[in-house]
Undergrad: 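Dropping the structure in here first, questions after.
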Amino acid sequence: MVSAEREELDSWYQSFLPAVTTSSSNQQRLVHSYHNVVTGFAAKLTEKEAKAMEMKEGFVSAHPQKVFHVKTTHTPNFLGLQQNLGFWNHSNYGKGVIIGVLDTGITPSHPSFSDEGMPPPPAKWKGKCEFNGTLCNNKLIGARNFDSAGKPPVDDNGHGTHTASTAAGSRVQGASFYDQLNGTAVGIASSAHLAIYQVCSGFGSCEESNILAGMDTAVEDGADVLSLSLGAGSLPFYEDSIAIGAFGAIQKGIFVSCAAGNEGPFKESLSNEAPWILTVGASTVDRSIRATVLLGNKASYDGQSFFQPTNFSSTLLPLIYAGANGSDTAAFCDPGSLKDVDVKGKVVLCESGGFSESVDKGQEVKDAGGAAMIIMNDELSGNITTADFHVLPASDVTYADGLSIKAYINSTSSPMATVLFKGTVFGVPYAPQLADFSSRGPSLESPGILKPDIIGPGVDILAAWPYAVDNNRNTKSTFNMISGTSMATPHLSGIAALLKSSHPDWSPAAIKSAIMTTANLTNLGGTPITDDSFGPVDVFAIGSGHVNPTKADDPGLVYDIQPDDYIPYLCGLGYNNTEVGIIVQRPVTCSNSSSIPEAQLNYPSFSIKLGSSPQTYTRTVTNVGPFKSSYIAEIIAPQGVDVKVTPNAIPFGGGDPKAAYSVTFTRTANVNLPFSQGYLNWVSADHVVRNPIAVTFE
């Protein structure tokens with residue numbers, strides 16, 4: 001937008017504010033002016049003043065501000081990315097792509113943001129740096145603060161530094177965390193440029209006016225990918241600033257990746273549900289800080305601990321359950337609870353929960369003379385174990401393993417155990433697993449769109465941090481390991497940057513489709529992905545599956561969607577003309593002829609509510625693979641549903657890269673299930689294009 005147009009628009013915004021004696025008074029009321037993703041402004045107004053604006057020509061809507069919240073040495077290898085080989089090499093590590101990260105700011109001096117070997121940003125870059133001196137460079141090309149105007153966007157929280165380095169951090173050799181996880185830390189798109197927009201406070205709260213200002217500026221600056229590890233639960237899209245800003249971004253060809261939320265394992269707990277956003281859930285990785293419990297009956301159970309002593313004997317020691325006397329506080333090893341329990345020189349089994357954290361339980365065991373500790377998860381925590389910084393030899397084991405250890409104690413008069421410390425172990429065969437905290441669908445706002453879209457690494461992710469977390473024992477240890485869909489999101493943002501570099505002509509919807517239709521449904525051991533209790537997961541938990549970057553680079557077919565294609569979908573949601581207009585930022589007239597059911601959107605999945613009448617939906621695929629190819633429909637029908645695809649074969653090679661097909665869903669039986677799921681796969685000699693199906697029954 002040229003300067004004259006901007007000034008004219010800002011003057012128009014000022015006209016909506018209350019009449020005052022000086023222009024400076026209104027200037028102080030005006031918090032943000034938006035020029036790219038939305039036409040509007042944020043201002044400090046009383047309820048009465050906001051109501052008065054409704055009488056002015058050009059007014060559309062106003063609402064009170066909402067507050068959103070913020071929601072690696074090994075993960076590239078875990079995702080199949082290898083240095084100088086394959087997709088990573090083919091995509092030039094994201095060279096020339098600009099990733100805009102909206103978060104809590106950044107630590108610019110961290111080595112993860114070194115620009116060694118980085119070229120200057122593309123000529124289209126128009127952003128600015130609000131740090132003094134040379135803290136910005138060819139890696140960190142821009143940094144703005146929308147949370148505290150006039151201050152540099154320094155990260156006092158750590159969240160923003162962590163997410164930015166995960167997406168596009170430079171290679172840092174010698175990274176470690178408490179002498180474990182040793183290796184080279186590197187972001188997913190290590191040659192991409194970073195633009196930072198601080199929209200959240202150091203406490204992790206993010207005002208929506210700041211988020212929208214950050215998105216608005218990122219679009220104008222020239223970002224290619226926006227990464228937002230924050231959200232606020234389910235909202236109507238016309239009241240969701242992230243959804244509105246993201247729609248403005250995709251209109252300019254900018255990909256938007258957002259966190260699904262950390263409200264799992266509860267159903268219908270998603271944030272960022274709009275279909276033009278990639279909604280990202282979280283999974284585990286195949287890495288463990290191994291501390292194996294060995295029992296006297298030779299049974300062993302793998303747990304975790306960051307305290308890895310080198311001098312702890314492997315000799316079996318007496319084993320005791322802290323709650324054997326019937327005391328709940330003793331079972332939890334709460335402070336002071338073991339003073340009357342004989343634990344001296346013994347391995348003590350404690351339960352999670354109570355009134356103490358894991359490390360505090362260890363301190364209680366140590367103070368009472370215990371030699372080592374085993375902490376068993378509670379049932380709710382399931383089977384994803386945590387590595388903690390214990391004060392004595394210890395191991396955190398799963399709930400199921402804890403029950404087995406309890407059973408062993410009760411089976412013998414002289415139970416024995418020890419803990420064997422094995423350090424960092426890779427290749428855990430049941431990874432990835434779905435993280436228990438990862439938010440689940442169905443989508444509340446649009447149940448006809450299957451969400452989340454994808455899952456990616458989000459548990460125990462090691463990435464850059466503003467300061468050393470190991471009491472400054474290692475000055476290179478400015479890395480931290482944290483978990484959340486916030487950590488999964490920048491992995492997907494980085495992958496989107498790689499795909500943008502590899503396929504610069506692909507639209508945001510095409511990139512999203514490539515990620516979704518090539519996702520994995522199995523773990524490293526070749527069995528179906530499970531949750532943290534080793535139970536089955538459904539499509540409302542993992543969406544299309546776990547991201548596979550290499551396959552996404554060569555998906556065969558994509559489901560493309562142009563921005564205007566969303567208008568009939570939005571009308572079909574029952575939004576009125578004004579509400580749709582708020583999202584798409586232009587006048588819209590919804591009519592029956594321009595509305596479509598949600599499931600008719602050209603999305604790479606199906607989510608339908610099926611009654612006694614058959615339902616038919618169409619899709620259009622675009623061939624991005626070999627010019628001459630042929631695809632056959634393979635149907636894995638949901639239980640109780642007949643699925644018919646017409647045509648069931650699609651040939652390419654005649655010049656038109658697009659082909660349409662229809663799918664008819666017919667209920668065949670009364671199924672006593674909350675929903676049923678299946679897949680429609682388009683199979684060629686070289687590709688499998690997978691489309692998940694979710695059916696709920698009326």
Side-chain angles (χ1 to χ4, degrees), residues 1-68 100 102 126-130 142-153 197-201 205-223 226 237-249 251-252 576-588:
M1 177 177 290
V2 298
S3 177
E5 292 174 334
R6 179 184 292 271
E7 290 178 4
E8 184 178 352
L9 194 57
D10 287 346
S11 177
W12 184 53
Y13 293 161
Q14 290 277 355
S15 71
F16 285 88
L17 300 180
V20 292
T21 55
T22 63
S23 60
S24 61
S25 299
N26 264 353
Q27 198 63 48
Q28 292 171 0
R29 285 172 170 265
L30 194 65
V31 179
H32 295 297
S33 296
Y34 308 122
H35 306 94
N36 299 285
V37 299
V38 65
T39 301
F41 59 90
K44 298 176 182 178
L45 298 171
T46 66
E47 184 177 350
K48 183 178 180 180
E49 289 169 339
K51 185 72 175 176
M53 287 196 304
E54 297 179 10
M55 306 302 295
K56 298 188 178 183
E57 184 179 354
F59 175 85
V60 176
S61 70
H63 66 266
Q65 173 157 267
K66 294 181 284 290
V67 177
F68 293 51
L102 287 80
K126 301 175 183 176
K128 64 172 67 172
C129 178
E130 293 180 354
R144 303 284 300 274
N145 191 338
F146 296 95
D147 180 66
S148 299
K151 297 181 180 179
Y197 303 89
Q198 183 173 359
V199 298
C200 305
S201 71
S205 61
C206 320
E207 295 179 351
E208 66 171 325
S209 62
N210 296 337
I211 297 169
L212 200 54
M215 298 179 82
D216 192 69
T217 303
V219 169
E220 185 169 1
D221 287 348
L226 298 185
F237 299 147
Y238 55 84
E239 292 182 359
D240 185 342
S241 291
I242 293 179
I244 295 168
F247 193 88
Q251 286 182 304
K252 304 291 179 66
N576 61 37
N577 296 341
T578 299
E579 292 163 345
V580 176
I582 290 171
I583 298 167
V584 304
Q585 290 297 294
R586 68 172 191 267
V588 170

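The analysis underlying the following values was restricted to heavy atoms, covering all of them including side chains, and did not include hydrogens, waters or symmetry mates. Note that this is a predicted model, so its numbers are computed, not measured.
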Undergrad: Report yes or no: does Lys151 contribute a side-chain atom to a donor-acceptor pair with the main-chain N or O of Asn145 at less than 3.5 Å?
TA: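 Absent.
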Undergrad: Is there a side chain to side chain donor-acceptor pair (under 3.5 Å) between Glu208 and His63? Walk through the geometry before answering.
TA: CA-CA 11 Å; Glu208 66 171 325; His63 66 266; 3.1 Å; yes
Undergrad: Under 3.5 Å, is there a donor on one side chain and an acceptor on the other for Gln198 and Asp147?
TA: no
Undergrad: With sequence neighbours excluded, what pairs up with Thr578 under the side chain to side chain contact (heavy atoms under 4.5 Å, CB included) test?
TA: Val60, Asn576, Ile582
Undergrad: Would you name the heavy atoms of Pro153 and Glu130 that are closest together and state the gap between them?
TA: CD-CB, 4.1 Å
Undergrad: Could you work out, with side chain to side chain contact (heavy atoms under 4.5 Å, CB included) as the rule, every residue matching Ala62, not counting sequence neighbours?
TA: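 Expected list: Met53, Phe59.
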Undergrad: Other residues, nucleotides and ligands only: do more than 12 of their heavy atoms fall within 6.0 Å of NZ on Lys48?
TA: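 12 or below, so no.
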Undergrad: What verdict does the side-chain contact (heavy atoms from CB on, under 4.5 Å) test give for Leu17 and Leu45, after you've listed the backbone C-alpha separation in whole Å, the side-chain angles of each residue and the deciding distance to 0.1 Å?
TA: CA-CA 8 Å; Leu17 300 180; Leu45 298 171; 4.1 Å; yes
Undergrad: Taking the side chain as every heavy atom from C-beta outward, state whether Lys252 and Val37 have any atom pair closer than 4.5 Å.
TA: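 Counting from C-beta outward, Lys252 and Val37 never come under 4.5 Å.
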Undergrad: If I compare all heavy atoms of Asp10 with all of His35, which pair ends up nearest, and what's the gap?
TA: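 Here Asp10 and His35 meet closest at OD1-NE2, 2.7 Å.
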Undergrad: Can you sort out the partners of Tyr34 under ring pair (Phe, Tyr, Trp, His ring centres under 6.0 Å), two or more places apart, ordered by chain and number?
TA: none
Undergrad: Determine yes or no for a side-chain-to-main-chain donor-acceptor pair under 3.5 angstrom, with Ser11 supplying the side chain and Glu7 the backbone.
TA: no
Undergrad: Parallel, tilted or perpendicular, judged at 30° and 60°: which one describes the rings of Tyr197 and Phe146?
TA: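 Rings of Tyr197 and Phe146: parallel, as their planes differ by under 30°.
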Undergrad: Quick one: pull up NE2 in His32 and OH in Tyr13 and give me the separation to the nearest 0.5 Å.
TA: 13.0 Å
Undergrad: Give the minimum heavy-atom separation between Val588 and Asn577, together with the two atoms involved.
TA: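 That would be O-CB, 3.0 Å.
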Undergrad: If I compare all heavy atoms of Glu220 with all of Asn36, which pair ends up nearest, and what's the gap?
TA: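 Taking every non-hydrogen atom into account, OE1-ND2, 3.1 Å.
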Undergrad: Side chains of Leu102 and Asn210: does their closest heavy-atom pair fall under 4.5 Å?
TA: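 A side-chain contact under 4.5 Å is absent here.
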Undergrad: So, do Phe41 and Phe16 sit near enough that their side-chain heavy atoms are less than 4.5 Å apart?
TA: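 Side-chain contact under 4.5 Å: yes.
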Undergrad: To the closest 0.5 Å, what do you measure between CG (Asp216) and CD1 (Ile211)?
TA: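 Taking CG in Asp216 and CD1 in Ile211, the distance rounds to 13.5 Å.
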Undergrad: Looking at every non-hydrogen atom in both residues, tell me the closest pair between Ser241 and Leu212 and how far apart they are.
TA: O-CD1, 3.6 Å
Undergrad: Can you name the closest pair of heavy atoms from Gly100 and Ala223 and give their distance?
TA: N-CB, 4.3 Å
